[in-house]
Structures are given as C-alpha cells and as structure tokens.
Trainee: 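This structure is in structure tokens; I'll ask about it shortly.
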Amino acid sequence: MINWSYSSLKDYTTCPKQYFHLKVAKDYIKKPSREMLYGTEVHSALENYVRDGTPLAKNYERFRAPLDALMEIEGTRYPEHKMALAEDKTPCDFEDEKRWVRGIADLLIVDGKSAYIVDYKTGSNKYADPKQLKLMALMAYAHFPDVVRIKAGLLFITRNTFVPEEYHRDQISRLWAEFIPSLERLKLAFENNLWPATPNNLCGWCPVSSCKFYREK
C-alpha cells in the first residue's frame, strides 16, 4: 500500500526521479530554502494567533485583518488540524501505520452541516492550485460526517488575496476522481521500479546531483 499526501503526490508528478531519491531510497535530502523557512515561520505565527491569540510580531501585523475576519466565522476552530484516511477512505489516526493518505488543514472551522477550510500561502498567487483544498475537503467529509457544504480558499497572506472554492458532499466521488490518474501512475512506478527524470524549471532547486539534468542554482 502506498502512503501519500498532497505534497508527496505533487512531488511525484513534478519529477518521479526526485521523488524516488527523496521519498523511497532516501539517499538525498532536500534542504529547506529561504522561502520555505519563511513560509514555516509565517504559518507558525498565524496558527498561534488563531489558536491562542498570541500577538503577531511587528513584521506580521499586516496579516491581522484577514485573520480577524476568519475568526469571526461561527463554529469550532481547528488550527493546523491533522487528518488521515485508511485505504478504504475511512478515518484513522494521523500516525497509523496503515494510513493511506494524510494531510494538515491550516485552518478548519466546523459549524454543524457547514465547514470552512483555509490554506495559507506565502508565495505568489500567479498559479493558484486548489487541488490541496479538495483533498482537505475529502478528509473533512470523512472525519466530520455531518458536514454537507464546505467553503474553502487559498489565502495568499502576503498578497492579501483569497481564492475561493466551494464543495458539496454529493461531489465526493468526482473529487476523488481527480486524484486517481496520478495515484495509478505512482502505483505503477512502485510496481515496475520506474522513476524517469522529468526536467522542469525546478531543477535548480533539486538536490539529486546524480541526475543528468542536475544543475546548481
């Protein structure tokens, strides 16, 4: 059985060879970039503000307005909420060895039959990809069986931009179908030990120096 997450599946579709070395063979380590470290720091600050009311650092005070708007939404808030599913798509513990997929919702708010999911982004909003929200929604439907409607969005916090999405429980099958092609490819890769290199504009950030497309940034 394959264990996956949105980020690991995205890594595979971007470059199977890099995925193999980082996730399977584990003979290379990807060091966090300055942008990644900044993103982690911002996520932590936002989480602490929403969960505990921890004051934002001076350089993050500009993020308060959209956070306050989120905190006005009625319901139970679950900052950095961990969810996982078994292969039959039933809920399981996040650390369960038999888990199939797992993920962390930056902010989940549940209010009866309605829920809200927000994913914080610190990068550019030029190529907004809501697919991660779809996976979070699918896991939320499994973990919160009373939820029918989910409003979700990518909050590009440094750009003060919100990209909205909306889902209904009767769309579950269609939403899962969006992940099937990539998961089938990943399954075949494991079965056939086939991990082709896929050159792309991220090669300069790849640590796999044995790849013929490797180049130092």
Trainee: Run the side chain to side chain contact (heavy atoms under 4.5 Å, CB included) check on Leu70 and Leu155 step by step: do they pass?
Mentor: CA-CA 11 Å; Leu70 291 174; Leu155 176 57; 4.2 Å; yes

Trainee: Should we say atom CD of Glu61 is surrounded by more than 12 heavy atoms from elsewhere, each under 6.0 Å from it?
Mentor: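 Atom CD in Glu61 is packed in, count exceeds 12.
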
Trainee: Going by distance alone, is a donor N or O of one side chain under 3.5 Å from an acceptor N or O of the other, for Lys121 and Gln132?
Mentor: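 A donor-acceptor contact under 3.5 Å links the two side chains.
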
Trainee: Less than 4.5 Å apart, side chain to side chain, heavy atoms only: is that true for Val42 and Ile157?
Mentor: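 Val42 vs Ile157: side chains touch.
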
Trainee: Carefully, step by step, assess His43 and Glu80 under the rule side chain to side chain contact (heavy atoms under 4.5 Å, CB included).
Mentor: CA-CA 9 Å; His43 272 71; Glu80 294 297 310; 4.2 Å; yes

Trainee: Could you check whether Glu41 and Tyr60, counting side-chain N and O atoms only, form a donor-acceptor pair closer than 3.5 Å?
Mentor: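 There is such a pair (donor and acceptor under 3.5 Å, judged by atom type) between the side chains of Tyr60 and Glu41.
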
Trainee: On the six-membered ring of Phe144, is Lys113 placed so that its NZ or CZ lies under 6.0 angstrom from the centre and within 45° of the ring axis?
Mentor: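 Judged by the rule (NZ or CZ under 6.0 Å from the ring centre, within 45° of its axis), Lys113 is not positioned above Phe144.
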
Trainee: I want to check something: taking the side chain as every heavy atom from C-beta on, are Asp129 and Tyr6 in contact at a cut-off of under 4.5 Å?
Mentor: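 Result yes, sub-4.5 Å side-chain heavy-atom pair found.
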
Trainee: Is any side-chain heavy atom of Thr14 less than 4.5 Å from a side-chain heavy atom of Thr198?
Mentor: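 They are not in contact (no side-chain heavy atoms under 4.5 Å apart), so the answer is no.
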
Trainee: Taking only Lys NZ, Arg NE, NH1 and NH2, and the carboxylate oxygens of Asp or Glu, determine whether Arg99 and Glu87 approach each other closer than 4.0 Å.
Mentor: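 A salt bridge is absent here (no side-chain N lies under 4.0 Å from a carboxylate O).
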
Trainee: Does a salt bridge link Glu166 with Arg149, judged by any charged N lying under 4.0 Å from a carboxylate O?
Mentor: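 The answer is no: the pair does not qualify as a salt bridge.
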
Trainee: Please walk me through it: do Lys131 and Glu178 pass salt bridge (charged side-chain N to carboxylate O under 4.0 Å, His left out)?
Mentor: CA-CA 9 Å; Lys131 202 164 185 177; Glu178 296 191 30; 5.2 Å; no

Trainee: Can you tell me if NZ on Lys10 sees more than 12 non-hydrogen neighbours from other groups inside 6.0 Å?
Mentor: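 Atom NZ in Lys10 is not crowded, with 12 or fewer foreign heavy atoms closer than 6.0 Å.
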
Trainee: Report yes if some heavy atom in the side chain of Phe63 is under 4.5 Å from a heavy atom in the side chain of Thr158; otherwise report no.
Mentor: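 Yes, close enough: below the 4.5 Å cut-off.
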
Trainee: I'd like to know whether CD of Glu191 has more than 12 heavy-atom contacts from other residues, nucleotides or ligands below 6.0 angstrom.
Mentor: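 Yes - once you tally the heavy atoms of other residues, nucleotides and ligands closer than 6.0 Å, there are more than 12.
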
Trainee: So for atom CG, which belongs to Leu188, do other residues, nucleotides or ligands contribute more than 12 heavy atoms lying within a distance under 6.0 Å?
Mentor: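 More than 12 within 6.0 Å, yes.
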
Trainee: Below 4.5 Å, heavy atoms only, C-beta onward: do Tyr19 and Lys17 meet side chain to side chain?
Mentor: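 Counting from C-beta outward, Tyr19 and Lys17 never come under 4.5 Å.
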
Trainee: Using a 6.0 Å distance limit plus a 45 degree cone around the ring axis, check whether Lys89 lies over the aromatic ring of Trp176.
Mentor: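 Yes, Lys89 lies over the aromatic ring of Trp176.
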
Trainee: State whether a side-chain donor-acceptor pair under 3.5 Å links Tyr49 with Asp68.
Mentor: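 Yes, because at least one side-chain N or O of Tyr49 sits under 3.5 Å from a partner of the opposite role on Asp68.
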
Trainee: Measure the spacing between CD1 of Ile109 and CD of Glu72 and express it to the nearest 0.5 Å.
Mentor: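 Going from the CD1 atom of Ile109 to the CD atom of Glu72 covers 10.5 Å.
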
Trainee: The test is side chain to side chain contact (heavy atoms under 4.5 Å, CB included); show your working for Phe20 and Tyr28 and say whether it passes.
Mentor: CA-CA 10 Å; Phe20 171 78; Tyr28 287 90; over 6 Å; no

Trainee: With side chains defined as the heavy atoms from C-beta onward, is the minimum distance between Leu154 and Leu133 less than 4.5 Å?
Mentor: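 Leu154 reaches Leu133 side chain to side chain.
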
